[in-house]
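First comes the structure, then the notes that go with it.
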Amino acid sequence: MELWNKNVEKRFFTKSLEYATPEQLFYITNENKYLAYWPKNYLGKKSTLQSRNSLIGNFTEKWTTDLIQRIVEDEGLFAVQGAKCSEIALLNNSPADVIISKNKNIEQEPENILAIFEVKMSIVWNWEFKNNKSDMNLICMGDYNTHQGNPGLLRSDSMLKAIGKSINIRVSSLKASTIPIIIIGNTPITNT
DNA sequence: CCACCGCAGCATTGTCGCAG
DNA sequence: CTGCGACAATGCTGCGGTGG
């Protein structure tokens with residue numbers, strides 16, 4: 001089974017470029033390079049992208065849903081993205097990233113939910129986007145050691161947010177108290 | 001009943017101060 | 001200098017309250 005890798009990241013950018021502009025997906029350096037992250041030694045002017053957030057968030061949740069779907073489908077179960085269940089505090093403006101359920105509906109009952117996943121994933125490698133008239137392509141500029149981005153799983157405030165949401169689900173109802181809640185990320189591991 | 005407004009929550013990642 | 005906690009930034013979307 002294919003886990004998160006460079007090809008998946010390439011697919012995110014090529015797919016997203018079908019309907020988003022390069023400026024929404026990449027930082028532009030003072031040398032006019034389009035990069036996914038600011039390199040560690042970069043000293044020029046910097047900004048913080050907001051426009052990529054929902055795109056990468058949605059992509060990683062979809063990717064995770066597909067992965068889990070392949071794992072549970074033999075059991076007759078379903079992975080559902082963005083599931084809602086008012087009884088356990090999964091409302092319209094705060095749905096579950098991914099759940100495993102006995103059915104594939106967006107509207108769910110607590111009794112059918114076997115597990116809840118909170119996805120905290122993003123781009124791991126750094127990429128340069130070259131936009132030549134004839135062909136565009138993505139060049140890997142190095143791994144997470146070469147850029148400034150800090151993976152979500154290593155950030156305490158990201159984890160607190162995920163844990164806080166888990167607590168909110170836990171205390172929402174007795175029925176939520178037995179549902180496992182899993183935080184899933186794609187942080188690379190050092191020295192492998 | 002509907003248009004509008006403010007607030008809260010979603011997402012990710014850069015910045016800054018402090019400790020060691 | 002590095003690592004870490006706390007805070008900032010901002011587009012999008014849903015919801016509740018209010019005024020007409």
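Every chain is numbered from 1, with letters handed out A, B, ... down the list of sequences. Hydrogens, waters and symmetry mates are skipped; everything else that's a heavy atom, side chains included, is used.
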Check your understanding: A/Lys40 has an atom NZ; how far is it from atom C1' of B/dG14, in whole Å?
Key -> 14 Å

Exercise for review: Taking atom types as modelled, find out whether A/Glu2 and A/Asn5 have a side-chain donor-acceptor pair closer than 3.5 angstrom.
Suggested key: yes

Review point. What nucleic acid atoms does A/Met121 come within less than 4.0 Å of, heavy atoms only: base, sugar-phosphate, or nothing?
Key: sugar-phosphate

Check your understanding: With sugar-phosphate meaning primed atoms plus P, OP1 and OP2, does A/Asp97 contact a base, only sugar-phosphate, or nothing at under 4.0 Å between heavy atoms?
Key -> sugar-phosphate

Review point. What's the CG-P distance between A/Leu49 and B/dT15, to the nearest Å?
Key: 12 Å

**Study point:** Phosphate contact (C/dT10 OP1 or OP2) by A/Ser51 side-chain N/O below 4.0 Å
**Key:** no

Review point. Which atom pair, heavy atoms only, marks the closest approach of A/Ala89 to A/Asn168?
Key: CB-ND2, 3.9 Å

Review point. C/dA8 P sits how many Å from A/Lys46 NZ, rounded?
Key: 19 Å

Point to revise | N or O in side chain of A/Tyr37 less than 4.0 angstrom from B/dT12 OP1/OP2 | key: no

Check your understanding: Nearest-Å distance, CG (A/Leu25) to C1' (B/dT12)?
Key -> 13 Å

Exercise for review: Please state whether the rings of A/Tyr34 and A/Phe129 are parallel, tilted or perpendicular, taking 30° and 60° as the class boundaries.
Suggested key: perpendicular

Check your understanding: How far does the helix from B/dC1-C/dG20 to B/dG20-C/dC1 bend, going by the axes of its first and last five pairs, to the nearest 10°?
Key -> 30°

Practice item. Measure from CD on A/Gln24 to P on B/dT12 and round the result to the nearest Å. Key: 17 Å

Interface polar pairs with nucleotides 4-7 of chain C, N/O, under 3.5 angstrom:
unit_1: C/dG5; atom_1: OP2; unit_2: A/Ser156; atom_2: OG; d: 3.1
unit_1: C/dC7; atom_1: N4; unit_2: A/Asp157; atom_2: OD2; d: 2.4

Review point. Base, sugar-phosphate alone, or nothing: which one does A/Ser94 contact when heavy atoms must sit under 4.0 Å apart?
Key: sugar-phosphate

Check your understanding: Taking the inter-plane angle between the rings of A/Trp4 and A/Phe59 on a 0 to 90° scale, is it parallel (under 30°), tilted (30 to 60°) or perpendicular (over 60°)?
Key -> perpendicular

Review point. Between atom CG in A/Asn53 and atom C1' in B/dT12, what is the gap in whole Å?
Key: 4 Å

Revision key, fill the gap. Taken to the nearest whole Å, CG/A/Asn58 to C1'/B/dC10 is 11 Å

**Study point:** DNA chain C: 5'-proximal contact among A/Asn93 and A/Ser54 (nearest heavy atom)
**Key:** A/Ser54

